[in-house]
Amino acid sequence: MTNKVRTRFAPSPTGHLHVGGARTAIYCWAYARGRDGTFILRIEDTDQKRSSEQATFGFFEDLNWLGIDWDEGPAFNSCGGGDVGPYLQSQRLELYKEHLQTLFDNGLAYYAFETPEELNEKRKQARTEKRAYRYDRAALELSEAQVKANLEADMPHVIRFKVPDDAVLAFKDEVIGDVEIARSELDDFVIFKADGYPTYHFAVVVDDALMGATDVVRGQEHLNNTYKHIVLQDALGFERPNYAHLSLIFNPDGSKMSKRDKDKALRTFVKEHSIESPPNGCIPQDVWEHWLSSKDNQLQTDEASDLATALGVSLPEINVDDFKAAGYLPEVLLNYLCLLGWSPGDDIEQFDSAFLIEKFSLDRIVKSPAKFDRAKLLAFNLDAMQALSSEAFEERLLEWCNEYAPEFASLGNRFSLFAKANHERSKTFRDAIETSKFLVEPDETLTWEETKPVKKALLKGELTGLSLLPEVATRLSDLSEWTHASIDGCMAQCAEELAEGKLGKVAQPVRIAVAGSPVSPPIGDTLVLLGKESTLKRIERCMKFFGSKCDA
RNA sequence: GGUCCCAUCGUCUAGUCAGGUCAGGACAUCAGGUUUUCAUCCUGGGAACAGGGGUUCGAAUCCCCUUGGGAUCACCA
């Protein structure tokens with residue numbers, strides 16, 4: 001093994017990649033890339049209950065979307081490979097057993113037969129006595145014959161690590177600095193579970209060593225675990241990697257950003273609006289009831305989003321693919337995520353991954369936790385969107401629409417103008433379609449809501465917008481060609497002759513008439529996009545709709 | 001509760017390790033201005049060293065205490 005940098009990102013396949021995990025992956029990746037090192041992806045799937053192949057796959061996509069590629073790990077697109085695999089822990093059982101044997105040989109591992117229930121009792125006990133629970137080493141008292149008999153009787157058992165009394169429980173963290181705990185804080189933890197799989201602690205130590213990880217960058221929730229890892233490394237004769245523990249990412253309200261936030265948002269909405277059954281049967285009744293029966297019952301990802309759609313609730317973005325669906329640029333998410341806990345200095349905030357790779361270092365990582373600020377992300381996204389050439393914007397908007405808004409993707413030769421009309425006013429790709437829904441709405445079904453701005457533009461004032469509409473419609477219909485120039489000219493002329501030169505007086509009623517809302521792209525774009533026929537038909541319908549309202 | 005970690009504008013942070021410019025930037029916010037809607041865009045303003053003790057000529061920076069926040073205490077990772 002060379003002494004080159006080797007970092008690894010080791011998620012457990014329990015759902016999609018969330019922003020905290022993404023940030024860790026970005027740091028690991030950037031650190032390796034900037035040092036001519038190797039970035040490894042390893043899947044920690046030793047928990048059979050929680051692993052699923054589909055979730056693993058989701059990770060790959062999310063990582064790729066962010067522009068993160070791995071040199072070694074599971075094969076995906078052009079990523080993966082490597083000769084210290086396999087990179088799925090579930091396929092490395094033999095390796096773990098080999099090293100477990102080393103521990104047995106040195107008298108550093110032993111069988112324990114307590115049931116989870118027994119252990120839980122003792123934990124509860126410890127809690128009521130206001131002290132931390134530590135395993136009492138009861139299994140160490142068992143005679144060799146007893147252990148043998150238990151094993152032969154197939155009694156369920158775990159294997160614990162016998163932490164040496166003189167174990168050194170101190171290390172230097174690249175972010176935090178020197179840390180240590182007292183020997184009494186570490187008990188003989190489980191290294192092999194009753195199902196025959198290693199625990200996280202054992203697997204991670206063996207894998208990091210065998211895969212030659214030089215730098216372990218991970219979340220701060222692992223800081224206390226690290227003591228377990230270093231005693232295991234010492235016992236197995238492994239070299240110790242550098243550690244860097246990252247502070248956590250929180251919601252603006254200070255709560256931990258978690259997948260549960262979505263469930264919480266739905267629950268709150270349902271409760272506040274006293275909704276008693278799933279709207280339009282978007283999810284099965286039994287699923288609905290099961291979900292509401294306990295806070296611990298979470299909806300599946302797709303069930304949650306179906307319900308959210310049906311209720312009209314927007315779920316908080318937590319996972320990387322949530323931000324993708326919301327229409328953010330991957331390079332912006334990457335940029336913003338980096339800033340949560342790291343900065344290049346020199347007042348530079350917006351940068352690309354090449355810059356990140358060049359500048360990233362562990363010593364500039366901030367120790368304190370950060371709150372995720374969507375407003376800033378949005379501002380960054382706007383800047384990046386505007387910096388895109390119109391060709392690039394169109395291409396990427398189309399790509400996005402293909403996945404999330406196919407009705408816009410099939411706009412055909414109108415797509416280009418649709419993109420241009422929305423480029424500078426969109427903070428996200430989704431923004432572009434939100435204010436252009438009228439484009440994919442049939443002329444016949446367009447409706448008007450009598451909101452304040454609508455009434456103001458159409459019905460208020462001495463000269464109402466509605467009264468202008470017939471004349472404007474006539475002039476528009478007289479136009480021999482339907483272009484920006486002709487339309488804008490016509491509108492300007494109408495304004496001049498009918499509304500004291502106030503363009504808004506004319507444009508706004510027309511906008512509302514054809515778009516059904518007071519917000520749409522510039523009026524010229526809007527009308528060209530719609531075409532002459534639709535425009536006139538919509539104005540006609542609008543006049544009828546509001547005309548009857550007036551009579552009533 | 002035990003243990004560990006953290007603490008600069010509302011938020012992300014620069015400055016801390018090698019004490020010494022009115023504590024800098026960005027987002028948000030507020031006040032003006034541009035604009036046919038929305039969104040942009042332009043100009044300007046307010047806004048922080050958690051508190052208390054030390055060390056020092058001098059402390060955001062070093063030390064201690066208090067307070068506050070977080071993580072962890074699994075046969076989950």
Side-chain angles (χ1 to χ4, degrees), chain A residues 10-14 44-47 49-50 89 112 114-116 119-120 123 126-134 156-160 173 175-177 179-182 184-187 189-195 197-201 203-204 219-225 227 245 247-248 250 252 254 256 336 339-350 363-364 366-380 382 386 422 424-427 431 434-435 453 457 488 491-492 495 502-508 510-512 515 517-524 526:
Chain A
S12 60
T14 54
E44 312 225 319
D45 56 349
T46 53
D47 183 10
K49 274 172 276 174
R50 291 219 263 161
Q89 290 189 327
E114 291 90 346
T115 64
L119 261 16
N120 269 334
R123 273 189 207 102
R127 201 54 199 252
T128 50
E129 286 168 22
K130 297 195 170 189
R131 59 181 172 81
Y133 167 79
R134 306 283 173 233
H157 62 273
V158 298
I159 297 165
R160 287 181 183 270
D173 187 272
V175 175
I176 313 285
V179 285
E180 68 175 309
I181 55 165
S184 58
E185 294 303 315
L186 229 208
D187 65 358
F189 54 96
V190 174
I191 51 178
F192 261 75
K193 301 179 277 188
D195 65 4
Y197 274 83
T199 59
Y200 162 73
H201 305 298
V204 79
Q220 218 171 79
E221 67 268 25
H222 289 300
L223 188 63
N224 288 309
N225 290 333
Y227 301 104
H245 288 95
S247 62
L248 274 20
F250 294 100
K256 192 174 173 179
Y336 178 72
L339 251 22
L340 255 29
W342 179 83
S343 79
D346 297 328
D347 290 341
I348 295 171
E349 286 202 303
Q350 299 194 9
D363 58 5
R364 288 193 66 88
V366 174
K367 299 181 191 181
S368 49
K371 289 176 186 169
F372 194 98
D373 180 9
R374 286 205 178 65
K376 186 158 180 169
L377 208 216
L378 203 56
F380 274 31
L382 171 76
Q386 304 220 346
N422 284 288
E424 66 169 0
R425 23 201 303 290
S426 298
K427 292 187 176 183
D431 272 358
E434 287 300 335
T435 54
D488 284 346
M491 297 302 281
K502 287 176 186 157
L503 201 45
K505 227 19 197 160
V506 180
Q508 223 23 31
V510 173
R511 183 190 313 282
I512 291 169
S517 96
V519 178
S520 86
I523 198 69
T526 301

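Note on naming: letters A, B, ... go to the chains in the order of the sequence lines (proteins, then strands), and numbering restarts at 1 for each one. Computed from a predicted structure; not experimentally measured.
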Q: Using a cut-off of strictly less than 4.0 Å, decide whether A:Arg425 has a side-chain nitrogen or oxygen near OP1 or OP2 of B:rU36.
A: no
Q: Would you mind pulling out the nucleotide paired to B:rA48, Watson-Crick or G-U wobble, both distances under 3.5 Å?
A: none
Q: With sugar-phosphate meaning primed atoms plus P, OP1 and OP2, does A:Val158 contact a base, only sugar-phosphate, or nothing at under 4.0 Å between heavy atoms?
A: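 Here A:Val158 touches the bases of the nucleic acid.
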Q: In whole Å, measure the gap between the P atoms of B:rA23 and B:rA47 for me.
A: 10 Å
Q: Counting any heavy atom closer than 4.0 Å, what does A:Phe380 reach on the DNA or RNA strands: base, sugar-phosphate only, or nothing?
A: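 Answer is sugar-phosphate: A:Phe380 comes under 4.0 Å of backbone atoms only.
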Q: Can you check the distance between B:rU61 and B:rC49, where both ends of the measurement are the P atom (answer in whole Å)?
A: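 So the two P atoms sit 12 Å from each other.
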Q: For the rings on A:His222 and A:Tyr200, is their centre-to-centre separation under 6.0 Å?
A: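 Under 6.0 Å, so yes.
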Q: Could you tell me whether A:Glu129 contacts a base, only the sugar-phosphate backbone, or nothing, with contacts defined as non-hydrogen atoms closer than 4.0 Å?
A: nothing
Q: Base, sugar-phosphate, or nothing: which does A:Val506 touch, judged by heavy atoms less than 4.0 Å apart?
A: nothing
Q: When the P atoms of B:rG20 and B:rC65 are compared, how many Å lie between them, rounded to an integer?
A: 25 Å
Q: Heavy atoms under 4.0 Å, any strand shown: does A:Thr115 hit a base, just sugar-phosphate, or nothing?
A: base
Q: Among the candidates B:rC12, B:rC4, B:rA77, find the nucleotide nearest to the side-chain atoms of A:Lys371.
A: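 From the listed options, B:rC12 comes nearest.
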Q: If you check every side-chain atom of A:Ser12, which of B:rA77, B:rU37, B:rC12 has the closest atom?
A: B:rA77
Q: In whole angstrom, give the distance that lies between atom CG of A:Asp347 and atom C1' of B:rG25.
A: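 Roughly 4 Å, once rounded to whole Å.
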Q: Using atom C1' of each nucleotide, how far apart are B:rU29 and B:rA48 to the nearest Å?
A: 15 Å
Q: Taking only the C1' atom of each, what is the distance from B:rA7 to B:rG15 in whole angstrom?
A: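 After rounding to an integer number of Å, I get 16 Å for this pair.
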Q: Provide the distance between the two P atoms, one in B:rC9 and one in B:rG24, to the nearest whole Å.
A: 14 Å
Q: Can you check whether A:Thr46 has a side-chain N or O nearer than 4.0 Å to OP1 or OP2 of B:rA77?
A: yes
Q: Pick base, sugar-phosphate or nothing for A:Pro521, based on heavy-atom distances below 4.0 Å to the nucleic acid.
A: base
Q: Hey, which of these two, A:Ser368 or A:Gly341, hits RNA chain B nearer its 5' end, going by closest nucleotide?
A: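 The residue closer to the strand's 5' end, by nearest nucleotide, is A:Ser368.
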Q: To the nearest angstrom, how far is A:Lys367 atom NZ from B:rU13 atom C1'?
A: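 So the two atoms are 16 Å apart, to the nearest Å.
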Q: Reckon A:Lys427 has a side-chain N or O less than 4.0 Å from the OP1 or OP2 of B:rU40?
A: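 For B:rU40, OP1 or OP2 has a side-chain N or O of A:Lys427 closer than 4.0 Å.
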Q: Is A:Arg374 touching bases, backbone alone, or none of the nucleic acid, heavy atoms closer than 4.0 Å?
A: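 Since no nucleic acid heavy atom lies under 4.0 Å of A:Arg374, the category is nothing.
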Q: Please classify the nucleic acid contact of A:His201 as base, sugar-phosphate, or nothing, using heavy-atom distances under 4.0 Å.
A: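 The answer is base, as A:His201 lies within the cut-off (heavy atoms under 4.0 Å) of a base atom.
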Q: Between B:rC4 and B:rG10, how far apart are the two C1' atoms, rounded to whole Å?
A: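 Each nucleotide's C1' atom is 29 Å from the other's.
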Q: OP1, OP2 of B:rA14 versus side-chain N and O of A:Ser343: anything below 4.0 Å?
A: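 A:Ser343 to B:rA14 OP1/OP2: side-chain N or O found under 4.0 Å.
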Q: Need the pair for B:rC73. Rule: Watson-Crick or G-U wobble, both distances under 3.5 Å, any strand; none if unpaired.
A: B:rG1
Q: Expressed in whole Å, how much space separates the P atoms belonging to B:rG45 and B:rA50?
A: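 These two P atoms come out 26 Å apart once rounded.
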Q: Under 4.0 Å between a side-chain N or O of A:Arg123 and OP1 or OP2 of B:rA74?
A: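 Yes, A:Arg123 has a side-chain N/O under 4.0 Å of OP1/OP2 on B:rA74.
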Q: If pairing requires Watson-Crick or G-U wobble contacts with both distances under 3.5 Å, which nucleotide is the partner of B:rA7?
A: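 Partner of B:rA7: B:rU67.
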Q: Do A:Lys376 side-chain and B:rA26 base share a donor-acceptor contact under 3.5 Å?
A: yes
Q: Hey, does A:Pro252 reach any base, or is it just sugar-phosphate, or nothing, if we go heavy atoms under 4.0 Å?
A: nothing
Q: Is the closest side-chain donor-acceptor distance between A:Ser520 and A:Thr526 under 3.5 Å?
A: yes
Q: In whole angstroms, how far is the P atom of B:rC73 from the CG atom of A:Asp187?
A: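 A:Asp187 atom CG is separated from B:rC73 atom P by 11 Å.
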Q: Within this structure, what is the CD-to-P distance between A:Gln508 and B:rC38, rounded to whole angstrom?
A: 7 Å
Q: Rounded to whole angstroms, how far apart are CG on A:Leu382 and C1' on B:rA26?
A: 14 Å
Q: Closest nucleotide of RNA chain B for A:Lys193 versus for A:Ser247: which of these residues is on the 5' side?
A: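 Final value for this comparison: A:Ser247.
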Q: Between B:rA77, B:rC75, B:rG2, which one does the side chain of A:Asn225 approach most closely?
A: B:rA77
Q: Under 4.0 angstrom, heavy atoms only, what part of the nucleic acid is A:Asp363 near: base, sugar-phosphate, or nothing?
A: nothing
Q: Which is true for A:Leu339 with a 4.0 Å heavy-atom rule: it touches a base, it touches only sugar-phosphate, or it touches nothing?
A: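 Sugar-phosphate: the residue A:Leu339, judged by heavy atoms under 4.0 Å, touches backbone atoms but no base.
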Q: Taking the side chain of A:Ile176 as its heavy atoms from C-beta onward, which of B:rC6, B:rC38, B:rA74 lies nearest to it?
A: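 In terms of side-chain proximity for A:Ile176, the closest of B:rC6, B:rC38, B:rA74 is B:rC6.
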Q: Can you give me the closest heavy-atom contact between A:Ala370 and A:Leu340, atom names plus distance?
A: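 For A:Ala370 and A:Leu340, the tightest heavy-atom pair comes out as CB-CG, 4.0 Å.
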Q: Under the criterion salt bridge (Lys or Arg N to Asp or Glu O under 4.0 Å), I'd like the reasoning laid out for A:Glu349 against A:Lys376: C-alpha separation, chi angles, the key distance, then a yes or no.
A: CA-CA 11 Å; A:Glu349 286 202 303; A:Lys376 186 158 180 169; 2.9 Å; yes
Q: Which part of the nucleic acid does A:Glu221 contact within heavy-atom distance under 4.0 Å: base, sugar-phosphate only, or nothing?
A: sugar-phosphate
Q: Could you check how far CD1 of A:Ile191 sits from P of B:rA77, rounded to whole Å?
A: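 Taking CD1 of A:Ile191 and P of B:rA77, I get 14 Å after rounding.
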Q: Rounded to whole Å, how long is the line connecting atom CD1 of A:Ile181 with atom P of B:rG2?
A: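 Result: 16 Å.
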Q: Counting the atoms with a prime plus P, OP1 and OP2 as sugar-phosphate, which does A:His222 contact under 4.0 Å by heavy atoms, base, sugar-phosphate, or nothing?
A: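 Result for A:His222 = base.
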Q: Starting the side chain at C-beta, find the nucleotide from B:rC27, B:rU37, B:rA77 nearest to A:Gln89.
A: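 Side chain of A:Gln89 sits closest to B:rA77.
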Q: For A:Leu378 and B:rA39, what is the distance between atoms CG and C1' respectively, to the nearest whole Å?
A: 11 Å
